[in-house]
Amino acid sequence: MDSIESRLKAVVASLPPQVTLVAVSKFHPVEAIREAYDAGQRIFGESRAQELVAKAPQLPTDIRWHFIGHLQTNKVAIVVPFVELIHSVDSLRLLRVIDREASRHGKCQDILLQLHVAEEETKFGFAVDEIDEAVAEASRFENIRLRGLMTMATNTDDTERVRADFIAAKTAFDSIGQSLIADSRCLFDTLSMGMSDDRDIAIDCGSTMVRIGTDIFGERFRKQN
Ligand SMILES: *Cc1c(COP(=O)(O)O)cnc(C)c1O
């Protein structure tokens, strides 16, 4: 198998310059993260609070951690001190708790709202017809800065369906961006979409940030760490 370094470099080389790479290191050990770090990667994504807070202190402090998984409100307090960006804000209640914890740490927490465009009913996130209310709510909090949207496409081999999902997200992203132009506190510049299997379609549809795990670190085995 190729090394993490060579896989990472291949992924980086394949991305257009305006697209930011989040290396998704969930379920992989700190040694794997360090290998990617030594090859130059600085942004890493984790999806579980306990795992993030266990790994982060063992790794260089200039790593920029992103939280990409479903975040329970009772885990916000332990996550906020570590993270540059929370991709997966999927409820109004979560917004309130993030604001409170960010305030306690004297920080302004960058977040993305998770938009649900996929076919599956079980996925988290705001529906297209709920997102404007969530944007308005997010903009009320002093210690939250809304940076954009995150989405996941339907998990299917049907690339036209995947493309339709990403186009729906891009349309919502552009429309919200237009409506926020007057708000100087807002830097609405991030559309997080695309994983190992669908990143080319996502980039084609306007993604500015991709979240790649398997293509860099290989398959995940839950018991590995
Ligand atoms: C695990 C995960 C990824 C990475 O998926 P790969 O298919 O391994 O690239 C991206 N986004 C989220 C939200 C994830 O949970």
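In listed order, ligands and their atoms are each counted from 1. In what follows, residues are counted from 1 in the order of the sequence shown. Note that these values count all heavy atoms, side chains included, but never hydrogens, waters or copies made by symmetry.
Here the heavy atom of the protein found nearest to atom 11 (N) of ligand 1 is Arg211 NE, 2.8 Å. Among protein heavy atoms, atom 9 (O) of ligand 1 sits closest to Ser196 OG, 2.6 Å. Protein heavy atom in closest approach to atom 14 (C) of ligand 1: Lys26 NZ, 3.0 Å. The protein heavy-atom contact nearest to atom 10 (C) of ligand 1 is Met195 SD, 3.3 Å. Scanning all protein heavy atoms for the shortest distance to atom 8 (O) of ligand 1 gives Thr214 OG1, 2.6 Å. Of the protein's heavy atoms, Ile68 CD1, 3.6 Å lies nearest to atom 12 (C) of ligand 1.
The existence of a salt bridge linking Arg163 and Asp198 is excluded, since no basic side-chain nitrogen approaches an acidic carboxylate oxygen closer than 4.0 Å. Salt-bridge annotation for Lys55 and Glu46: present, with a side-chain N of the basic residue lying under 4.0 Å from a carboxylate O of the acidic one.
The CE atom of Met209 sits 12.5 Å away from the CD1 atom of Ile203 when rounded to the nearest 0.5 Å.
Taking a cut-off of under 4.0 Å to the non-hydrogen atoms of Ile212, the atoms of ligand 1 that pass are 9 (O). Per-residue contacts place Gly213 under 4.0 angstrom from the following atoms of ligand 1 (heavy atoms of the residue considered): 4 (C), 6 (P), 8 (O), 9 (O).
With contacts defined as side-chain heavy-atom distances shorter than 4.5 Å, the pair Leu112/Ile86 does not qualify.
A cation-pi contact, defined as under 6.0 Å to the ring centre and within 45° of the axis, links Arg42 to Tyr37.
Across all their heavy atoms, Asp215 and Arg7 have their closest contact at O-CB, 3.4 Å. Of all heavy-atom pairs between Asn143 and Lys107, the closest is ND2-O, 3.2 Å.
Of the polar atoms of Asp215, none of the N or O atoms is found under 3.5 Å from an N or O of ligand 1, judged by distance alone.
In His87, neither the side chain nor the backbone holds a heavy atom less than 4.0 Å from any atom of ligand 1.
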